Amino acid sequence: MTNYDFQTPINREQTNSVKWGLRKDLFGSDEVLPMWVADMDFMPPAEVTEALKKRVQHKIYGYTYAPASTTNAIAEWQKSRHNWEISKNAVLFSLGVVPSIAAAILAFTEKGDQVMLQSPVYTPFFSMIEGNERVVVNSPLKLKDNQYQIDFVDFEEKLKEGVKLFLLCNPHNPGGRVWTEEELRKMGDLCCQYNCYILSDEIHADLIYTPHQHLPIASLDQRYRDITITCIAPTKTFNLAGLQASAVLIENEQLRKQFSDIQARLGFFTLSTFGLTGMEAAYRYGDNWLNELLNYLDENRRIATQFIEENLPDIKAIEPEGTYLLWLDCRKLQLSDDEIQERLLKKGKVALEPGNKYGPGGEGFVRLNFACSQTVLLDGLNRVKHAFS
């Protein structure tokens with residue numbers, strides 16, 4: 001028996017939804033089914049909605065500070081879900097992971113410094129490095145046995161070149177890998193050896209499928225903790241992206257001060273009243289909702305991968321170990337990225353993220369968001385099938 005309804009489609013029209021409201025602007029037609037941007041079509045836990053309603057009913061929305069209860073909720077969540085004990089002083093706040101990446105680049109590197117990533121990877125990793133006049137160093141992932149692997153020989157060679165900051169995506173977006181303890185320790189040891197800071201984007205950390213387990217890299221070793229900036233948020237987990245609320249966990253006092261100083265220089269003061277309210281309610285009361293959500297997403301994952309296998313023999317689905325994103329290898333179609341998009345949008349009437357947005361190695365791939373009702377998911381999958389029929 002389930003306590004939450006993830007099955008009934010929800011009309012998100014007239015809500016200024018990027019996903020649904022910009023279809024004509026972005027794709028030329030309101031008939032396109034959006035399965036691209038990474039937000040879910042599910043209502044968040046009722047406790048979040050009730051907390052926001054209660055705050056609205058007060059009717060005064062003046063300057064708001066982050067109370068100790070919000071910090072405690074974050075720390076308790078990390079302990080209960082990821083077995084990571086963090087100190088309360090380690091918690092800072094940010095409007096989102098992308099602003100945190102930018103702040104970390106400014107705090108721990110100088111213009112012209114090298115910042116490393118592993119492509120294909122979340123698009124803002126590239127733009128935040130380049131936009132802040134740093135140099136992108138790419139240690140590309142290798143696709144082996146239908147899963148991404150780290151090329152540790154290349155990883156070390158790149159660190160030897162003087163990389164100052166490494167942007168780690170764990171779980172990996174778009175590939176869905178949940179890095180193992182062995183992989184994380186190898187990366188952590190090498191970063192320690194070559195004096196390279198780590199920014200670990202762990203925004204998808206709560207969205208993991210059994211038997212895989214998310215391990216915060218900073219939790220594995222004191223040495224890693226001293227060089228790591230960990231970015232988390234309730235926004236992907238509980239579908240709260242519009243609240244613009246995230247946290248940055250930095251145990252090293254000096255690094256925390258450097259990061260805070262940059263935030264102050266950029267004019268950041270605190271989160272919004274509703275961001276703080278929603279964040280605390282989600283972390284404090286969202287556990288049962290998340291457990292049921294994961295069961296539903298796991299079934300969607302099975303439906304989508306099985307559909308692709310049975311109906312689209314020239315497309316290979318890389319089954320995610322975490323996230324609600326399905327990375328589809330379309331290279332056997334022998335179509336360019338533009339041709340793939342034209343087929344999807346014009347013939348299939350479905351919008352997926354083009355893989356070349358994720359840097360070298362993403363060419364010939366697309367990313368599909370399966371965090372929707374199964375009715376919508378099957379509609380989308382059939383549109384993809386029609387696009388390439």
Side-chain angles (χ1 to χ4, degrees), residues 1-23 30 32-57 73 77 80-81 171 176 203-210 214 233-245 274-275 277-307 319-326 350-352 367-384:
M1 180 179 175
T2 60
N3 296 307
Y4 306 98
D5 181 11
F6 301 111
Q7 189 77 328
T8 304
I10 298 171
N11 186 345
R12 297 179 63 187
E13 302 286 0
Q14 309 302 318
T15 63
N16 298 324
S17 162
V18 168
K19 186 176 184 180
W20 289 89
L22 294 180
R23 286 177 293 167
D30 287 330
V32 169
L33 181 66
M35 304 185 80
W36 61 288
V37 71
D39 77 352
M40 299 189 284
D41 288 331
F42 304 132
M43 290 185 292
E47 292 88 349
V48 173
T49 304
E50 290 304 312
L52 291 169
K53 284 181 179 178
K54 182 178 179 180
R55 187 64 189 85
V56 165
Q57 288 166 358
W77 183 266
S80 65
R81 298 296 298 200
I203 195 169
H204 293 278
D206 301 317
L207 301 166
I208 308 295
Y209 305 109
T210 304
H214 173 73
T235 50
K236 289 288 184 283
T237 307
F238 299 104
N239 203 28
L240 302 175
L243 293 184
Q244 298 283 284
F274 301 109
T277 300
M279 172 183 274
E280 180 172 341
Y283 281 138
R284 197 165 293 288
Y285 304 113
D287 205 63
N288 291 333
W289 180 92
L290 177 57
N291 291 337
E292 288 199 19
L293 170 74
L294 287 170
N295 289 333
Y296 193 84
L297 289 177
D298 199 11
E299 178 65 10
N300 279 7
R301 180 180 67 146
R302 184 197 63 78
I303 290 170
T305 53
Q306 184 174 322
F307 183 98
E319 184 169 303
E321 299 168 347
T323 82
Y324 48 73
L325 306 167
L326 188 63
V350 59
L352 309 185
R367 193 191 74 173
L368 181 150
N369 175 355
F370 57 82
C372 54
S373 71
Q374 286 166 10
T375 302
V376 173
L377 176 60
L378 289 169
D379 180 16
L381 291 169
N382 278 297
R383 290 177 186 230
V384 175

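Side-chain atoms are counted along with the backbone in the values below, which use heavy atoms only and exclude waters and symmetry mates. What you see is a predicted model; the values in this text were computed from it and never measured.
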A.B. asks: Please check if the number of heavy atoms outside Tyr285 that lie under 6.0 Å from its OH is greater than 12.
C.D. replies: no
A.B. asks: For the side chain of Asn382 and the backbone of Leu378, is there at least one donor-acceptor N/O pair under 3.5 Å apart?
C.D. replies: yes
A.B. asks: Using the rule side-chain hydrogen bond (donor to acceptor under 3.5 Å, both in side chains), only one of Asp287, Thr237, Asp206 pairs with Arg81; which is it?
C.D. replies: Asp287
A.B. asks: Tell me the closest heavy-atom pair linking Ile208 and Pro171, and the distance in Å.
C.D. replies: CD1-CG, 3.5 Å
A.B. asks: Step by step, would you call Asp298 with Arg302 a salt bridge (charged side-chain N to carboxylate O under 4.0 Å, His left out)?
C.D. replies: CA-CA 6 Å; Asp298 199 11; Arg302 184 197 63 78; over 6 Å; no
A.B. asks: Check the pair Ile303, Glu299 against side chain to side chain contact (heavy atoms under 4.5 Å, CB included), reporting the backbone distance first and the verdict last.
C.D. replies: CA-CA 6 Å; Ile303 290 170; Glu299 178 65 10; 4.0 Å; yes
A.B. asks: Taking all heavy atoms of Leu326 and all of Ala304, pick out the closest pair and write down the distance.
C.D. replies: CD2-CB, 3.8 Å
A.B. asks: May I ask you to decide if Pro44's main-chain N or O and Asn239's side chain share a donor-acceptor pair within less than 3.5 Å?
C.D. replies: no
A.B. asks: Is it true that a side-chain atom of Tyr296 and a backbone atom of Gln374 form a donor plus acceptor pair closer than 3.5 Å?
C.D. replies: yes
A.B. asks: Please give me the minimum heavy-atom distance between Pro234 and Ala282, naming the atom from each residue.
C.D. replies: CB-CB, 4.3 Å
A.B. asks: Donor-acceptor pair, Asn369 side chain versus Asp39 backbone, under 3.5 Å?
C.D. replies: yes
A.B. asks: Is the CD atom of Gln14 crowded by more than 12 outside heavy atoms at less than 6.0 Å?
C.D. replies: no
A.B. asks: Please report the shortest heavy-atom distance between Arg55 and Thr277, naming the atom on each side.
C.D. replies: CG-OG1, 3.9 Å
A.B. asks: Which is it for Met279 and Leu243 under the side chain to side chain contact (heavy atoms under 4.5 Å, CB included) test, yes or no, and what are the steps along the way?
C.D. replies: CA-CA 8 Å; Met279 172 183 274; Leu243 293 184; over 6 Å; no
A.B. asks: Is a donor on one side and an acceptor on the other found under 3.5 Å between the side chain of Asn300 and the backbone of Phe370?
C.D. replies: yes
A.B. asks: May I ask you to say whether Asp41 pairs ionically with Arg12, meaning some side-chain N is under 4.0 Å from a carboxylate O?
C.D. replies: yes
A.B. asks: For the residue pair Leu325 and Ala38, what are the closest heavy atoms and their distance?
C.D. replies: CD2-CB, 4.1 Å
A.B. asks: Please check this pair: side chain of Glu280 against backbone of Ala73, looking for a donor-acceptor N/O pair closer than 3.5 Å.
C.D. replies: no
A.B. asks: Would you check, one step at a time, whether the test side chain to side chain contact (heavy atoms under 4.5 Å, CB included) holds for Leu207 with Leu290?
C.D. replies: CA-CA 8 Å; Leu207 301 166; Leu290 177 57; 4.1 Å; yes
A.B. asks: Does the plane of the ring in Phe238 sit parallel, tilted or perpendicular to the ring in Trp289? Use 30° and 60° as the thresholds.
C.D. replies: tilted
A.B. asks: List the atom of Leu381, the atom of Phe307, and the distance in Å for their closest heavy-atom pair.
C.D. replies: O-CE2, 3.3 Å
A.B. asks: Given 3.5 Å as the limit, does a donor-acceptor pair link the side chain of Arg301 with the main chain of Tyr324, or not?
C.D. replies: no
A.B. asks: State whether the side chain of Arg23 and the backbone N or O of Trp20 hold a donor-acceptor pair below 3.5 Å, judged by distance alone.
C.D. replies: yes
A.B. asks: Do Asn288 and Tyr4 come close enough that some side-chain heavy atom pair is under 4.5 Å?
C.D. replies: yes
